[in-house]
Engineer: 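Below is one structure. I have some questions about it.
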Amino acid sequence: TAPITLSDTMRMASVAKAYSGAAAAALVGDGKLTFDTTIGAVLPDQPSTWSKITLAQLMQHTSGIADFSANKNFQAAVQASPDVAPPPAQLVSYVAADPLLFTPGTKYKYSNTDNILIGLMVAAVTNSTYEAQLSSLVYLPMNLTRTSLPSGVAMPTPYVHAYVVDPPDAPEDVSEPFAAGWAWASGGIVATPTDANTFVRRYVSGATIPASVSKQQFKFRAGHSEPIGPGKNSVGLSVFRYETKCGTVYGHTGNTAGFTQFVASDRAGKHSVVVSVNAQITPNSNPKLFVDLRTIYELGVCAALATA
């Protein structure tokens, strides 16, 4: 197996949620959205029970909307057509009839549906596609040359091969298990380690948006990323705070078939860490190994902040 290089693409999993946050924050800076803009104002065809939920509540996972990826009909649809995903708007339809889990704004509950709706809002207010807006609002201003949101199964080459490891069976390559469109704005982004590092520095520091907008993103409440990151976790608007023994960083984690990710930076965007594993490690799938992984995350933070 060839060694992983900094120019190999990899699936960023739920770190993609930070990219949706970056696009939304850029539109807030441009005056096309506010953090108080509601779903109903931009996406009137969505369920009436969602109409008063705000962009900020979606970004902070306090919407109360059920997670489409946990829906059995969604999971069956992925199994039936792994290579071809439906239009993004269809993803939220799997939970459109579900009651809200709580009154919006009152609790924290991580939900992939939130970020699909953010992507749909970004597309609606720009009369464009989410993918086009990622390019103009995020990739170009941040100089991300090897980052994309594919719709199909194919990974941009060269890419990091991903595996399911279940001894004594031989590792199974799951690099291209299903179309990225099944996760879309909630988890479909692919990027190189170099681009991921550049992104988290510029995103956390607010390098491409007004300081007033970035400041609003950095108001935190109880909540942890999925999977949980190092130290004490709390949640802002499409960004998590990780308070570790070596200092505080901000970023996101993610996991999907064959990948586990952690990207974070100090607030100034000067010191950052990217930890990528080409296997899926979660508290449920391998609790002991995940404890070790969190230790590695914290060691990475300590190394990044050592010269701060």
Side-chain angles (χ1 to χ4, degrees), residues 10-25 39 42-43 46 50 53 55-75 77-78 82 84-96 98 101 108-124 129-131 133-134 137-138 147-153 177-191 196 199-200 203 217 223-229 235-240 251-263 280 282:
M10 54 190 182
R11 297 192 188 278
M12 296 307 299
S14 283
V15 177
K17 295 176 172 64
Y19 293 77
S20 71
I39 294 173
V42 178
L43 303 171
Q46 294 299 330
W50 301 357
I53 293 170
L55 175 63
Q57 289 166 346
L58 294 172
M59 294 175 74
Q60 200 165 37
H61 296 297
T62 60
S63 70
I65 299 174
D67 187 344
F68 76 92
S69 66
N71 181 275
K72 291 181 179 179
N73 291 330
F74 166 79
Q75 294 167 0
V78 176
V84 180
Q90 191 171 320
L91 298 175
V92 299
S93 71
Y94 288 101
V95 293
D98 291 10
L101 302 177
Y108 170 81
K109 179 67 174 176
Y110 192 89
S111 175
N112 287 294
T113 312
D114 292 337
N115 295 85
I116 302 299
L117 288 164
I118 293 170
L120 293 173
M121 290 177 74
V122 166
T129 66
Y130 177 60
E131 290 81 359
Q133 292 306 305
L134 280 175
L137 299 172
V138 184
T147 303
S148 62
L149 177 54
S151 59
V153 297
F178 53 81
W182 283 112
W184 198 54
S186 69
I189 292 278
V190 299
F199 167 76
V200 76
Y203 179 55
Q217 285 190 266
H224 62 79
S225 55
E226 294 285 352
I228 190 169
V235 60
L237 302 187
S238 295
V239 66
F240 288 88
H252 217 290
T253 63
N255 76 101
T256 189
F259 285 101
T260 309
Q261 302 281 10
F262 168 60
V263 302
Q280 188 173 25
T282 70

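Throughout, numbering of the chain's residues begins at 1 and tracks the sequence. These figures come from a predicted structure and were not determined experimentally.
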Engineer: Step by step, would you call L91 with N112 a side-chain contact (heavy atoms from CB on, under 4.5 Å)?
Structural biologist: CA-CA 10 Å; L91 298 175; N112 287 294; over 6 Å; no
Engineer: Do you know the tightest heavy-atom contact between T253 and G229?
Structural biologist: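 Heavy-atom minimum between the residues: CG2-CA, 3.9 Å.
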Engineer: Show which side-chain atoms of residues 181-188 pair as donor or acceptor with protein atoms under 3.5 Å away, not counting sequence neighbours.
Structural biologist:
residue : atom : partner : partner atom : Å
W182    : NE1  : S81     : O            : 3.0
W184    : NE1  : E131    : OE2          : 2.8
S186    : OG   : A183    : O            : 2.6

Engineer: Without hydrogens or angle criteria, can the side chains of N255 and T282 be said to hold a donor-acceptor pair below 3.5 Å?
Structural biologist: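 No.
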Engineer: Treating Q60 as the side-chain partner and Y108 as the backbone partner, does any N or O pair qualify as donor plus acceptor under 3.5 Å?
Structural biologist: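 Not confirmed, Q60 side chain does not pair with Y108 backbone.
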Engineer: Are side-chain heavy atoms of L134 and I189 found at a separation under 4.5 Å?
Structural biologist: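 A side-chain contact under 4.5 Å exists here.
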Engineer: I need the D114 CG to L55 CG distance, nearest 0.5 Å.
Structural biologist: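 Spacing of CG (D114) from CG (L55) equals 10.5 Å.
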Engineer: Start with the C-alpha gap between T256 and F178, add the side-chain angles, then the distance that decides, and say whether side-chain contact (heavy atoms from CB on, under 4.5 Å) holds.
Structural biologist: CA-CA 11 Å; T256 189; F178 53 81; 3.7 Å; yes
Engineer: If I take atom CZ from residue R11 and atom CD from residue Q280, how far apart are they, to the nearest 0.5 angstrom?
Structural biologist: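 One gets 12.0 Å once the value is rounded to the nearest 0.5 Å.
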Engineer: Identify, with sequence neighbours excluded, every residue that meets side chain to side chain contact (heavy atoms under 4.5 Å, CB included) alongside Q57.
Structural biologist: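 Partners of Q57 under the side chain to side chain contact (heavy atoms under 4.5 Å, CB included) test: I53, T54, T62, P104.
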Engineer: Heavy atoms, side chains only, cut-off 4.5 Å: are V153 and P82 in contact?
Structural biologist: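 The answer is no, as the side chains (C-beta and beyond) never meet within the 4.5 Å cut-off.
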Engineer: Any side-chain heavy-atom pair from D67 and F74 closer than 4.5 angstrom?
Structural biologist: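 No. Closest side-chain heavy atoms not under 4.5 Å.
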Engineer: Output yes when a side-chain donor or acceptor of T147 lies under 3.5 Å from a complementary backbone atom of A191, and no otherwise.
Structural biologist: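 Absent.
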Engineer: As an exercise, state the distance from CD1 of I39 to CG of L117, rounded to the nearest 0.5 Å.
Structural biologist: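 Reported value, rounded in 0.5 Å steps: 5.0 Å.
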Engineer: Taking side chain as C-beta onward, heavy atoms only, is Y203 less than 4.5 Å from H252?
Structural biologist: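 When only atoms from C-beta onward are counted, H252 and Y203 do not touch, as no gap falls below 4.5 Å.
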Engineer: Is the backbone N or O of L237 less than 3.5 Å from a side-chain atom of Q217, with the two atoms forming a donor-acceptor pair by type?
Structural biologist: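 Side chain of Q217 to backbone of L237, a donor-acceptor pair under 3.5 Å: yes, one is there.
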Engineer: Check whether any side-chain N or O of N71 sits under 3.5 Å from a backbone N or O of Y94 as a donor-acceptor pair, and report yes or no.
Structural biologist: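 Yes, N71 side chain to Y94 backbone: donor-acceptor pair under 3.5 Å.
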Engineer: First locate atom CZ of F68, then atom CG of D98, and finally report the distance between them rounded to the nearest 0.5 Å.
Structural biologist: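 Here the interatomic distance stands at 13.0 Å.
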Engineer: Provide the closest heavy-atom pair for I118 versus S20 in the form atom of the first, atom of the second, distance.
Structural biologist: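 Nearest heavy atoms, I118 then S20: CG2-O, 3.8 Å.
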Engineer: Working to the nearest 0.5 Å, report the span between NE2 of H61 and NZ of K17.
Structural biologist: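 Going from the NE2 atom of H61 to the NZ atom of K17 covers 6.0 Å.
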Engineer: Test of understanding: with ring pair (Phe, Tyr, Trp, His ring centres under 6.0 Å), list the residues that count as partners of Y19, not counting sequence neighbours.
Structural biologist: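 Scan of Y19 (ring pair (Phe, Tyr, Trp, His ring centres under 6.0 Å), adjacent residues dropped) gives F199.
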Engineer: Which pair of heavy atoms, one from P88 and one from I116, lies closest together, and at what distance?
Structural biologist: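 Closest approach of P88 to I116: O-CG2, 3.8 Å.
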Engineer: Within the structure provided, determine whether W50 and S63 are in side-chain contact (heavy-atom separation under 4.5 Å).
Structural biologist: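 No, too far: nothing below the 4.5 Å cut-off.
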